[in-house]
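Worth saying up front: this structure is predicted, and the values here are computed from it rather than measured. We use all heavy atoms of the structure for the numbers below, so side chains are in, but hydrogens, waters and symmetry mates are not.
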Amino acid sequence: MYPNQRNRRLRQSPAIRALVSENQLSVNDLMLPLFVCEGIHVKEPINAMPGCFRMSLDLLKEEVKTIWGLGIKAVLIFVKVSDSLKDNRGTETINPQGLMQRAVMEIKSTVSEMVVMTDVALDPYSSFGHDGIVENNKILNDPTIEVLSQMALSHAHAGADFVAPSDMMDGRVLSIRTTLEKAGFFNIGIMSYSAKYASGFYGPFREALDSSPGFGDKQTYQMDPANRLEAITETTRDIDEGADIVMVKPGITNLDIVREIRDNVDVPIAVYQVSGEYAMLKAASEKGWLDHDTVMLEQLLAFKRAGANFIATYHAKEAATLIC
Ligand code: PBG
């Protein structure tokens, strides 16, 4: 009790603060999501995500060299699929020469040590903009996971290190795991979007990939933001099904969930600081209302304190530059 205890004793200098600091953010904690598109020398800005671009494969190669040079060791790949290749069943997902497959090959042939994770979900490929096959305005579960498993297998053939199912269909992790094992891909990891909430924060991302749902919303498969226990159920089931890494998404609205899961499971946890979170900070700092770097680092550190092992963030390059 005061004055025997004075909390400020441990805060009086940068040196003592560093000594007693409980969490640190390092470049090892950062994963960069990348948007890939067709073409040559294409670098298209994304409206609500200043500083982020859709890039063609030639520029992607340069980008991954830069990223690796900054110390970032993992990327998460998303592709912008042209409308002419979209259909209800996501046929293009398993094209061995599809954009995702070529992107993986290009990255691996440029920086072979980079951890390459691929998004596994139908929405960028779906004529309905949904993460699953649609019938009578319903999203079908079991037929979808068959496609997702073949998609994951195709990514494994292309050289992906991890596949990252972001669709929230039931049983997809088990189906993908079984498919990979049968094909002899014993060492391909699965990073499962386990606790993925239905969220308005995905808006800018859907603009980036032109992947907004054509009807309805995603509440029949993504989680209700009201729920906490369900996040643990989803996550433990994914681990039982064969997930190596589990994810919570969005980040800043779900720090309690990150902690809850950290206290319940032993596998690594990723947090996805999503497009809308990025957009909010960019907008506020452009207006001069928030100090960009301070708020960015504060948020990233909060993910670590909540219990995340690493963070998928569009700020990865900016953060890596600041903390190096
Ligand atoms: C879709 C997917 C989404 C994101 C990652 N994968 C959007 C959605 O579920 O509609 C969002 C990422 C972001 O907002 O940065 N499978």
**Student:** Let me check something: do Phe162 and Val79 share a hydrophobic cluster, defined by ILVMFWY side-chain heavy atoms less than 4.5 Å apart, either directly or through other members?
**Tutor:** no
**Student:** When you look at Asp29 and Lys304, which way does the salt bridge (Lys or Arg N to Asp or Glu O under 4.0 Å) test go after all the steps?
**Tutor:** CA-CA 8 Å; Asp29 304 321; Lys304 292 293 305 284; 3.0 Å; yes
**Student:** Are the side chain of Gln5 and the backbone N or O of Met1 linked by a donor-acceptor pair below 3.5 Å?
**Tutor:** yes
**Student:** If two hydrophobic side chains count as joined below 4.5 Å and joins carry through other members, does Val258 share a cluster with Leu25?
**Tutor:** yes
**Student:** Under the 3.5 angstrom rule, does the side chain of Ser175 hit a backbone N or O of Gly171 as a donor-acceptor pair?
**Tutor:** no
**Student:** Under a 3.5 Å cutoff, is there a donor and acceptor pairing between the side chains of Asn309 and Arg262?
**Tutor:** yes
**Student:** Charged N to carboxylate O under 4.0 angstrom, Arg177 versus Glu241?
**Tutor:** no
**Student:** Measuring from Met223:CE to Thr233:OG1, what's the distance to the nearest 0.5 Å?
**Tutor:** 8.5 Å
**Student:** Could you tell me if the side chain of Glu260 sits less than 4.5 Å from the side chain of Ile232, heavy atoms only?
**Tutor:** yes
**Student:** Looking only at side-chain N and O atoms, does Gln219 offer a donor or acceptor that is under 3.5 Å from a partner on Asp217?
**Tutor:** yes
**Student:** Which is it for Glu135 and Lys138 under the salt bridge (Lys or Arg N to Asp or Glu O under 4.0 Å) test, yes or no, and what are the steps along the way?
**Tutor:** CA-CA 5 Å; Glu135 200 178 273; Lys138 295 245 185 320; over 6 Å; no
**Student:** Assess whether atom CG of Asn187 is packed by more than 12 heavy atoms of other residues, nucleotides or ligands within 6.0 Å.
**Tutor:** no
**Student:** Where do Arg6 and Pro3 come nearest, in terms of heavy atoms and distance?
**Tutor:** CG-O, 3.8 Å
**Student:** Short question: side chain of Ser21, backbone of Arg17 - any donor-acceptor pair under 3.5 Å?
**Tutor:** no
**Student:** Would you name the heavy atoms of Ser194 and Thr235 that are closest together and state the gap between them?
**Tutor:** CB-OG1, 3.6 Å
**Student:** Is the backbone of Phe215 close enough, under 3.5 Å, to the side chain of His130 for a donor and an acceptor to pair up by distance?
**Tutor:** yes
**Student:** For this output row, return yes or no: ring centroids of Phe205 and Phe35 closer than 6.0 angstrom.
**Tutor:** yes
**Student:** With salt bridge (Lys or Arg N to Asp or Glu O under 4.0 Å) as the test, would you mind laying out the steps for Asp123 and Arg206 before giving the verdict?
**Tutor:** CA-CA 9 Å; Asp123 51 328; Arg206 292 176 188 169; 6.0 Å; no
**Student:** Would you call Asp238-Arg172 a salt bridge at under 4.0 Å N-O?
**Tutor:** yes
**Student:** For Gln101 and Ser154, which I'm curious about, is there any donor-acceptor pair between the side chains at under 3.5 Å?
**Tutor:** yes
**Student:** Please round to the nearest 0.5 Å and tell me the distance separating atom OG1 of Thr93 and atom CG of Leu99.
**Tutor:** 13.0 Å
**Student:** Are Ile245 and Met168 linked, directly or through intermediate hydrophobic residues, by side-chain heavy-atom contacts shorter than 4.5 Å (ILVMFWY only)?
**Tutor:** no
**Student:** Is it true that Arg237 and Asp170 make a salt bridge, defined as a side-chain N closer than 4.0 Å to a carboxylate O?
**Tutor:** no
**Student:** Would you call Glu146 and Arg89 a salt bridge, taking side-chain N to carboxylate O under 4.0 Å as the test?
**Tutor:** no
**Student:** Looking at Phe53 and Gly51, what are the two nearest heavy atoms and their distance?
**Tutor:** CE1-O, 3.4 Å
**Student:** When you look at His41 and Asp58, which way does the side chain to side chain contact (heavy atoms under 4.5 Å, CB included) test go after all the steps?
**Tutor:** CA-CA 7 Å; His41 294 312; Asp58 52 331; 3.2 Å; yes
**Student:** Please give me the minimum heavy-atom distance between Ala231 and Ile257, naming the atom from each residue.
**Tutor:** CB-CG2, 3.6 Å
**Student:** Taking atom types as modelled, find out whether Ser166 and Asp119 have a side-chain donor-acceptor pair closer than 3.5 angstrom.
**Tutor:** yes
**Student:** Considering non-hydrogen atoms only, spot the tightest contact between Ile252 and Glu277 and give its length.
**Tutor:** N-OE1, 3.0 Å
**Student:** Have Lys73 and Asn28 got a donor and an acceptor in their side chains that come within less than 3.5 Å?
**Tutor:** yes
**Student:** Can you tell me how far the CZ atom of Arg305 sits from the CD atom of Glu22, to the nearest 0.5 Å?
**Tutor:** 9.0 Å
**Student:** For the residue pair Tyr278 and His315, does the interplanar ring angle fall in the parallel (under 30°), tilted (30 to 60°) or perpendicular (over 60°) class?
**Tutor:** tilted
**Student:** Determine whether Tyr197 and Gln222 satisfy the following criterion, side chain to side chain contact (heavy atoms under 4.5 Å, CB included), listing intermediate values before the conclusion.
**Tutor:** CA-CA 5 Å; Tyr197 287 92; Gln222 298 179 348; over 6 Å; no
**Student:** Yes or no on salt bridge (Lys or Arg N to Asp or Glu O under 4.0 Å) for Arg102 and Glu38, after CA distance, side-chain angles and deciding distance?
**Tutor:** CA-CA 10 Å; Arg102 279 179 285 135; Glu38 293 286 1; 2.6 Å; yes
**Student:** Report the distance from atom CG of Asn264 to atom CD1 of Ile239, rounding to the nearest 0.5 Å.
**Tutor:** 9.5 Å
**Student:** For Tyr314 and Tyr272, which I'm curious about, is there any donor-acceptor pair between the side chains at under 3.5 Å?
**Tutor:** yes
**Student:** Using 4.0 Å as the upper bound for N to carboxylate O, is an ion pair formed by Asp167 and Lys196?
**Tutor:** no
**Student:** Are the side chains of Met100 and Val81 in contact, using a 4.5 Å heavy-atom criterion?
**Tutor:** no
**Student:** Give a yes or no on whether the backbone of Glu44 and the side-chain of Arg54 come within a donor-acceptor separation of less than 3.5 Å.
**Tutor:** no
**Student:** Do you reckon Met280 sits in the same ILVMFWY cluster as Tyr202, going by side-chain contacts under 4.5 Å, direct or chained?
**Tutor:** yes
**Student:** Assess whether side chain to side chain contact (heavy atoms under 4.5 Å, CB included) is satisfied between Leu70 and Lys317, documenting all intermediate values.
**Tutor:** CA-CA 7 Å; Leu70 287 171; Lys317 284 168 72 180; 3.9 Å; yes
**Student:** Distance-only, no hydrogens or angles: does the Asn227 side chain make a donor-acceptor pair with backbone N or O of Glu230 under 3.5 Å?
**Tutor:** no
**Student:** Which atom pair, heavy atoms only, marks the closest approach of Ile107 to Met114?
**Tutor:** CG2-CG, 4.3 Å
**Student:** Is Leu19 linked to Leu10 within one hydrophobic cluster, defined over Ile, Leu, Val, Met, Phe, Trp and Tyr using a side-chain heavy-atom separation of less than 4.5 Å?
**Tutor:** yes
**Student:** Going by distance alone, is a donor N or O of one side chain under 3.5 Å from an acceptor N or O of the other, for His292 and Ser285?
**Tutor:** no
**Student:** With rounding to the nearest 0.5 angstrom, report the OG1 to CD1 distance, Thr118 to Ile188.
**Tutor:** 9.0 Å
**Student:** Starting from the C-alpha separation in whole Å, work towards a yes-or-no answer on side chain to side chain contact (heavy atoms under 4.5 Å, CB included) for Asn254 and Lys249.
**Tutor:** CA-CA 7 Å; Asn254 297 305; Lys249 172 189 179 186; over 6 Å; no
**Student:** Tell me, do Met247 and Phe310 make a side-chain contact under 4.5 Å, heavy atoms counted?
**Tutor:** no
**Student:** Check this for me, if you would: do Lys86 and Asp83 make a salt bridge, where the nitrogen-to-carboxylate-oxygen distance has to be below 4.0 angstrom?
**Tutor:** yes
**Student:** Got a second to check how far Ser211's OG is from Phe78's CZ, nearest 0.5 Å?
**Tutor:** 9.5 Å
**Student:** Between Ser112 (side chain only) and Ser109 (backbone N and O only), is there a donor and an acceptor less than 3.5 Å apart?
**Tutor:** no
